[in-house]
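To start, the structure under review is shown below, and the notes come after it.
Position 1 is the first residue of the sequence; numbering continues from there. This one's a predicted model, so the numbers in the text were calculated from it and none came from an experiment. Just the heavy atoms: all of them, side chains too, but no hydrogens, waters or symmetry mates, feed the values below.
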Amino acid sequence: AEYLWGHPGDDEAYFKKVAETTALVHAADREMIVQACIFEAIYNGVNKLPVPAWVFEEFELKPEARNFSYDAMLFDGGKFKNHWVPGASVPDMSKLETKMWFYYRARRYIDAGCEALHFGQGHAGDGCRCRHGGPADGAESSAGQHRCHGQATLEVAHHAGGELEQRLADAALGREM
């Protein structure tokens, strides 16, 4: 498993290490599945990370030169702010910035060779609305996870090739098979 509870000083170096570790695992056993974890915690260090163009494009937004915004991922009214430690909060999964961050992390792990994703306590990021007067199905958490699942399926499909690639791609995009 690959995970980070905290924020790396250098995201590029971190994902390079993830890719190296994943390659070593697969060299030892091609059947082993490497799982990455994206937890229900956001750190103010994200303010130093640029949002890649491919993240904007996935969300049908015009790419712009800016970094991720910690404050834009927080709950209105300060709920769960500094929940873990100062500068480490539970993100609000209903916020576009949070969805973009989770997509970014998931895609980076997938691109580094991880085949499975664990999303920690996803219900924490929906503010427990599913139990306290919000969407009964945890819709905010599942929407972001569905996007990441679709990307993961497309990546697996790409590596599978041929007819299987097309069938998995169709399934990921919700088309009839």
Quiz item: For P50, which residues count as a side chain to side chain contact (heavy atoms under 4.5 Å, CB included) partner, sequence neighbours excluded?
Solution: N67
Exercise. Could you list the residues that satisfy side chain to side chain contact (heavy atoms under 4.5 Å, CB included) with K81, not counting sequence neighbours?
Key: L74, S89
Quiz item: Going by heavy atoms in the side chains, are R108 and D11 under 4.5 Å from each other?
Solution: yes
Quiz item: Under the side chain to side chain contact (heavy atoms under 4.5 Å, CB included) test, which residues partner A72, sequence neighbours left out?
Solution: S69, E97
Quiz item: For E64, which residues count as a side-chain hydrogen bond (donor to acceptor under 3.5 Å, both in side chains) partner, sequence neighbours excluded?
Solution: none
Quiz item: Is there side-chain contact between F56 and M100, with heavy atoms separated by less than 4.5 Å?
Solution: yes
Practice problem: Would you please name every residue forming a side-chain hydrogen bond (donor to acceptor under 3.5 Å, both in side chains) with H83, sequence neighbours left out? | Solution: none
Self-check item: Exercise: identify the closest heavy-atom pair between L117 and A106
Solution: CD1-CB, 3.7 Å
Quiz item: When the ring planes of W54 and Y104 are compared, do they come out parallel, tilted or perpendicular, using 30° and 60° as the limits?
Solution: parallel
Quiz item: Should D76 and D92 count as side-chain neighbours, where that means a heavy-atom distance under 4.5 Å?
Solution: no
Practice problem: Quick one: do W84 and E40 satisfy side chain to side chain contact (heavy atoms under 4.5 Å, CB included)? Show the steps, please. | Solution: CA-CA 10 Å; W84 307 111; E40 65 289 351; 4.1 Å; yes
Exercise. List the atom of I42, the atom of Y70, and the distance in Å for their closest heavy-atom pair.
Key: O-CE1, 3.5 Å
Quiz prompt | Heavy-atom check, side chain of E115 versus side chain of V34, under 4.5 Å | solution = yes
Self-check item: Heavy-atom pair of closest approach, residues F75 and P91
Solution: CE1-O, 3.6 Å
Self-check item: Exercise: identify the closest heavy-atom pair between A112 and T22
Solution: O-CB, 3.6 Å
Exercise. If a pair satisfies salt bridge (charged side-chain N to carboxylate O under 4.0 Å, His left out) and one of its residues is in residues 26-39, list it, with sequence neighbours excluded.
Key: none
Quiz prompt | Beyond-backbone contact of D10 with K48, side-chain heavy atoms, under 4.5 angstrom | solution = no
Quiz prompt | Any side-chain heavy-atom pair of F119 and F39 under 4.5 Å | solution = no
Quiz item: Would you say F102 and M73 make side-chain contact, with heavy atoms under 4.5 Å?
Solution: no
Quiz item: Is the shortest heavy-atom distance from the side chain of L49 to the side chain of W101 under 4.5 Å?
Solution: yes
Quiz prompt | Rounded distance (nearest 0.5 Å) linking atom NZ of K99 with atom CE of M93 | solution = 7.5 Å
